[in-house]
Protein chains: 2
Amino acid sequence: MVTSRAAARRTAARAAYLTSMAACPTHRVLDRMGERWVSLILKELACGPRRHGELARAVAGATQKMLTQTLRGLERDGLVARSVTGSVPPRVEYRLTPLGASLLPVLAVVTEWSERHIGDIDAARAAYDAGTPRERAR
Amino acid sequence: MVTSRAAARRTAARAAYLTSMAACPTHRVLDRMGERWVSLILKELACGPRRHGELARAVAGATQKMLTQTLRGLERDGLVARSVTGSVPPRVEYRLTPLGASLLPVLAVVTEWSERHIGDIDAARAAYDAGTPRERAR
DNA sequence: CAGCATCCAGTTGGATACTG
DNA sequence: CAGTATCCAACTGGATGCTG
């Protein structure tokens, strides 16, 4: 049937696009940086090495699971280094690698833009939300 | 019981933290930029105004739903402007606002870092993945 | 053409409990 | 102390069909 062929073609096109998108460096990095706890952890580690427990306290909103999971991801990408000394009790320390440190200026640029324009965004939101119920008195 | 009190305290602390994090400008912006289709749409609109259908073709991986949803979000934040002319057939055009355009340099910084270091990341991943099965021959 | 509504699968992330 | 494992609720995003 013609219709299902067209649908299949669209699906295929999407799959191909999805693949190429997954390979896009910018998207991959943005994906990581956008993860819920990444920017917080990066900022904390920017101040110096931290033990697991210290990070847990500093980033109090994250559950232990998410903290570990996020750190593993950052470690895998070579942004964070993990070192263990002693095994009872274990003493684990996380610190930024040079690669991770090189990301800080980028984060700083984002931060600067954000703090400068968050007011504009909030204003736009307020305006949008106020005007949106346009059907209200129809 | 003591235990449940401690648990409650932790939960409360988390809730408070979550709130303050949601208010953090950097986190809010990173959240948006990290959304699946935002960077693609922004890059496409950087080239000039686009109609809905044009965007749909350019960002072929997104479903119509996600495209509209993402555009609405960007519009609400004042990053993108939407203008309608005619209603049958409708002609809708999206373009960057000055605020949205001011975000492009930030995106460019991220892009530059990403393209420069994606190789390092991939290398780190390969090394990590190769070394991880450390228990393999135990 | 642009977009909304509905349904639904897959993923994310939180709570909890246990181990070396 | 650091980390793993399990269970499960909530959200995200995709497929599909309908409207002005």
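Just so it is clear, the model here is predicted, and its values are computed rather than measured. What you see below is based on every heavy atom in this structure, not just the backbone, and it leaves out hydrogens, waters and symmetry mates. Below, chain A is the first sequence line, B the second, and so on; all start at residue 1.
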Trainee: Is it true that, when you exclude B:Arg125 itself, more than 12 heavy atoms of the residues, nucleotides or ligands shown sit nearer than 6.0 Å to its CZ?
Mentor: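 Atom CZ in B:Arg125 is crowded, with more than 12 foreign heavy atoms closer than 6.0 Å.
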Trainee: Please report the distance, rounded to the nearest Å, between CG in B:Leu71 and P in D:dG13.
Mentor: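 These atoms are roughly 14 Å apart.
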Trainee: Distance check needed: D:dC1 P versus A:Tyr94 OH, whole Å only.
Mentor: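 So the two atoms are 14 Å apart, to the nearest Å.
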Trainee: For a quick test of reading the model: is some side-chain N or O of A:Arg14 closer than 4.0 Å to OP1 or OP2 of D:dG13?
Mentor: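 For D:dG13, OP1/OP2 do not have a side-chain N/O of A:Arg14 under 4.0 Å.
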Trainee: For C:dG14 and A:Arg36 - does any side-chain N or O of the residue sit under 4.0 Å from the phosphate oxygens OP1/OP2?
Mentor: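 Checking A:Arg36 against C:dG14: at least one side-chain N or O falls below 4.0 Å of OP1 or OP2.
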Trainee: Tell me the interatomic distance from B:Met66, atom CE, to C:dG3, atom P, rounded to whole angstroms.
Mentor: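 Taking CE of B:Met66 and P of C:dG3, I get 15 Å after rounding.
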Trainee: For the side chain of A:Val92, starting at C-beta, report the closest nucleotide among C:dA2, D:dG13, D:dA2.
Mentor: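 Nearest to the side-chain atoms of A:Val92, counting from C-beta on, is D:dA2.
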Trainee: Give a yes or no on whether a salt bridge exists between B:Arg28 and A:Asp122, defined as a side-chain N under 4.0 angstrom from a carboxylate O.
Mentor: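 Judged by the 4.0 Å cut-off on N to carboxylate O distance, B:Arg28 and A:Asp122 do form a salt bridge.
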Trainee: What's the closest nucleotide to the side chain of B:Thr68 if the choices are C:dC4, D:dC1, D:dG13?
Mentor: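 The closest nucleotide is C:dC4.
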Trainee: Using only modelled atom types and a 3.5 angstrom limit, is any donor from either the side chain of A:Gln64 or the base of D:dG3 paired with an acceptor on the other?
Mentor: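 By the distance-only test, yes, there is a pair.
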Trainee: Please give, in whole Å, the distance from D:dG3 P to A:Arg91 CZ?
Mentor: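 Between P of D:dG3 and CZ of A:Arg91: 13 Å.
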Trainee: Give the nucleotide from the list C:dA15, D:dA2, C:dG3 with an atom nearest to the side chain of A:Lys65.
Mentor: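 When the side chain of A:Lys65 is considered, C:dA15 is the closest of C:dA15, D:dA2, C:dG3.
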Trainee: Charged N to carboxylate O under 4.0 angstrom, B:Arg50 versus B:Glu44?
Mentor: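 Counted as a salt bridge, because a side-chain N and a carboxylate O are separated by less than 4.0 Å.
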Trainee: For B:Arg82 and C:dG3, is the shortest distance between a side-chain N/O and OP1 or OP2 below 4.0 Å?
Mentor: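 Answer is yes, contact under 4.0 Å.
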Trainee: Can you identify which nucleotide, out of C:dG13, C:dC4, D:dT4, has its nearest atom closest to the A:Gln69 side chain?
Mentor: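 That would be C:dG13.
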